[in-house]
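Before any comments, here is the structure.
Not measured: the values here are computed from a predicted model.
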Amino acid sequence: TTPRVLTLEFVPSLKLTDLEAVEAAGLDRQLLAKRAADSFLTQVLKTGYFHCDPHPGNFCVNKEGQLVYYDCGMMNELQPNVAAGFKEACFAIFGGGPFISDLQLAQNAKRLVNAL
């Protein structure tokens, strides 16, 4: 790798959007969706350091079900105040689970507005 050339390692994988190949490999689509969401949320909410370009060509899965990120040339780090806002917004959106009272919903709505 140099300032003008990014050297990558080839890792055999399947595109997550190639559902026939994913199913033929015996991979659980719901589990992959959970892993993808967990990966994104960990990057944004826990570390604040994230892959900026996870399109289907850069974000795949191997035959063992492990997520594979390609092209890590576009990475970035959230500023602390932005990371805090994302965390607060997620707690406001997902806090309380699917069955919350109108009062909790109103409180979460205010929390979301304040986070943004």
Any side-chain heavy-atom pair from N108 and I100 closer than 4.5 angstrom?
yes
Going from CG on N58 to SG on C52, what distance comes out if it is rounded to the nearest 0.5 angstrom?
11.0 Å
Using atom types as modelled and distance alone, determine if a side-chain donor or acceptor of Q104 lies under 3.5 Å from a backbone N or O of S101.
yes
Angle between ring planes, F59 versus Y69, binned at 30° and 60°: parallel, tilted or perpendicular?
tilted
Count the heavy atoms of every other residue, nucleotide or ligand shown that sit under 6.0 Å from CZ of F50, and state whether that count exceeds 12.
yes
Nearest 0.5 Å please: distance from the CG atom of N76 over to the CD atom of Q79.
8.5 Å
On a heavy-atom basis, the closest approach of L8 and C72 is CD2-N, 4.4 Å
Here the pair of heavy atoms bringing L14 nearest to A21 is CD1-O, 3.7 Å
F91 versus R111: any side-chain heavy-atom pair under 4.5 Å?
yes
Heavy-atom side-chain contact between K110 and L112 under 4.5 Å:
no
In short, S13 meets V68 closest at the heavy-atom pair CB-CG2, 4.2 Å
Could you pull out the closest heavy-atom pair between C90 and L41, with the gap in Å?
SG-CD2, 4.4 Å
Of all the heavy-atom pairs spanning L32 and L16, show the shortest one and how long it is.
CD1-CD2, 4.1 Å
G57 and C60 have their tightest heavy-atom pair at O-SG, 4.3 Å
For a 4.5 angstrom cut-off between non-hydrogen side-chain atoms, does N114 reach E88?
no
Contacts of K34 meeting side chain to side chain donor-acceptor pair (under 3.5 Å) (sequence neighbours excluded), chain-then-number -> D38
Counting only heavy atoms not in E64 (residues, nucleotides, ligands), do more than 12 fall under 6.0 Å from its CD?
yes
Nearest 0.5 Å please: distance from the CG atom of L78 over to the CD atom of Q43.
10.0 Å
Do side-chain atoms of H51 reach the backbone of D71 as a donor and acceptor pair under 3.5 angstrom?
yes
Looking at CD of Q66 and CG of N62, how far apart are the two atoms once the value is rounded to the nearest 0.5 Å?
4.5 Å
Transitive ILVMFWY side-chain link L45 to M75, under 4.5 Å
no
